[in-house]
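To start, the structure under review is shown below, and the notes come after it.
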Amino acid sequence: MTSDELKIIAKYIYDISGIYLDQSKAYLVETRLKHLMKETGSVSYYELHQKAKADPTRTLERKIIDAICTQETMFFRDNSPFELLRARILPELIERKTSQPSFFPTSIRIWSAACSTGQEIYSIAIVLREFLSDLSKFNIRLLGTDISDFAISCALSGEYSQVTVERGLPKDKLDKYFKQIGQKWKIRDDIRSMCIFRKHNLMNSFNGLGRFDIVFCRNVAIYFRQTDKAMLFNKLADILEPGGYLIIGSSESVSGINSRFEPIIHLNMIFYQLKLET
Ligand SMILES: C[S@@+](CC[C@H](N)C(=O)[O-])C[C@H]1O[C@@H](n2cnc3c(N)ncnc32)[C@H](O)[C@@H]1O
């Protein structure tokens, strides 16, 4: 891939996904798009780019997104965000909601923004299932979104390989919340039905997604430029309820990017709470 080809492809990827690839990413781009060069019979990356832009069905665009996105995830990834949810955020949120006169049942709305293949939102559903003794007292809305069609279709299926369930999922939870079907493990229907999935690009408007008490937006902003991160966190602040919670990846930070959030330390991790006056 020449540096001019990389510039054109990187600009195209940025325009369709917000993912920023600098000149050091030539090898990564080449490796991830190689199969599409072959599949489309393109002899150069210029040609691949031309074909993607000319495709009215946008199938090639979707395939490029699937190929470029890093979908690394796992059940209970990093563990502490889920412990934080169970031990601090849910008790605090429920206490706050039930102390105000409101319509019954109490609503809990959580968004896994960039949910990849679904492990994050299903881990959240399992935490809720275990924490709330009587689910019928709550109106729960768990939304998982991702830009990748491939990721969303895996999440929707709720089926995972042996290797995938062995990463992060304790044995007792595997036995309790999954059933084995041939070589695959399928998430139990009651957990599956707690979650809804949609394709969504975080660079686009959040209109129509509803409002949330808690947003998990982990390990995705790392792929964006500083200005796009700032825009993203601002839109997340707009969509969260006052006092709502934002949980980001362990290597990420909102400090210095958005002052509408208050950083809070709980045990060994930082989470962010939307300031009440914003
Ligand atoms: C590394 S995974 C993180 C998954 C999960 N949040 C976690 O922490 O385990 C990053 C995900 O972000 C998605 N992604 C990348 N750019 C996106 C965008 N502009 N809008 C929505 N999702 C995006 C990718 O498809 C991928 O599934």
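Read the numbers this way: they start at 1 and go in the same order the structure lists the ligands and their atoms. The figures here come from the full heavy-atom set of this structure, side chains too, leaving out hydrogens, waters and symmetry mates.
A donor and an acceptor atom, one from each side chain of T2 and K7, are nowhere located under 3.5 Å apart.
For ligand 1, the polar-atom distance check finds no N/O of Y223 at less than 3.5 Å from any of the ligand's N/O atoms.
Between atom 19 (N) of ligand 1 and the options G18, S123, S17, the minimum heavy-atom separation is to S17.
In this structure, E30 does not pair ionically with K34, as no charged nitrogen and carboxylate oxygen lie closer than 4.0 Å. A salt bridge links K11 to D15: one of the charged nitrogens lies within less than 4.0 Å of a carboxylate oxygen. Under a 4.0 Å N-O distance rule, the pair R211/E241 qualifies as a salt bridge. K51 has no carboxylate O lying under 4.0 Å from a charged side-chain N of E61, or vice versa, which leaves the two without a salt bridge. Here K63 does not pair with D149 in a salt bridge; the nearest charged N to carboxylate O distance is not below 4.0 Å. In summary, R218 and D78 engage in a salt bridge, as defined by a charged side-chain N under 4.0 Å from a carboxylate O.
If you number the atoms of ligand 1 from 1 as listed, the ones under 4.0 Å from a heavy atom of S116 come out as 4 (C), 27 (O). Every atom of ligand 1 with a heavy atom of N201 under 4.0 Å away is listed here by number and element: 18 (C), 19 (N), 20 (N). For ligand 1, the atoms closer than 4.0 angstrom to any heavy atom of T70 are 1 (C), 2 (S), 10 (C), 11 (C), 26 (C). Below 4.0 Å from some heavy atom of E120 lie the following atoms of ligand 1, by number and element: 5 (C), 6 (N), 7 (C), 8 (O). Within ligand 1, counting atoms from 1 as listed, the ones closer than 4.0 Å to a heavy atom of E72 are 1 (C), 2 (S), 3 (C), 4 (C), 9 (O). Each of the following atoms of ligand 1 lies closer than 4.0 Å to a heavy atom of C69: 15 (C), 24 (C), 25 (O). Every atom of ligand 1 with a heavy atom of S148 under 4.0 Å away is listed here by number and element: 25 (O).
When non-hydrogen atoms are compared, ligand 1 lies under 4.0 Å from the side chain of I19 (C-beta onward) but not from its backbone. Neither the backbone nor the side chain of F216 comes within 4.0 Å of ligand 1, counting heavy atoms alone. Under 4.0 Å from ligand 1, the heavy atoms of R77 that appear belong solely to its side chain. Only the backbone of H200 comes within 4.0 Å of ligand 1, judged by heavy-atom distances.
Between H200 and W111, the angle of the ring planes goes over 60°, which puts this pair in the perpendicular group of the 30/60° scheme.
In terms of protein heavy atoms, atom 20 (N) of ligand 1 is closest to L202 N, 2.8 Å. Of all protein heavy atoms, the one lying nearest to atom 17 (C) of ligand 1 is I147 CG2, 3.5 Å. Of the protein's heavy atoms, A114 O, 3.5 Å lies nearest to atom 5 (C) of ligand 1. Scanning the protein heavy atoms around atom 8 (O) of ligand 1, the nearest turns out to be N219 ND2, 2.8 Å. Given atom 24 (C) of ligand 1, the protein heavy atom at minimum distance is D146 OD1, 3.5 Å. The shortest contact between atom 9 (O) of ligand 1 and any protein heavy atom is with T73 OG1, 2.6 Å.
Note: D66 CG to R32 CZ = 11.5 Å, rounded to the nearest 0.5 Å.
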Verdict with reasoning, F82 to F75, per ring pair (Phe, Tyr, Trp, His ring centres under 6.0 Å): CA-CA 10 Å; F82 303 94; F75 288 102; 9.7 Å; no
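Under the salt bridge (Lys or Arg N to Asp or Glu O under 4.0 Å) criterion, the residue pairs touching residues 168-180 are E130-K173, K171-D175, with sequence neighbours excluded.
Taking a 6.0 Å sphere around CZ of F150, one finds it holds 12 or fewer heavy atoms contributed by other residues, nucleotides or ligands.
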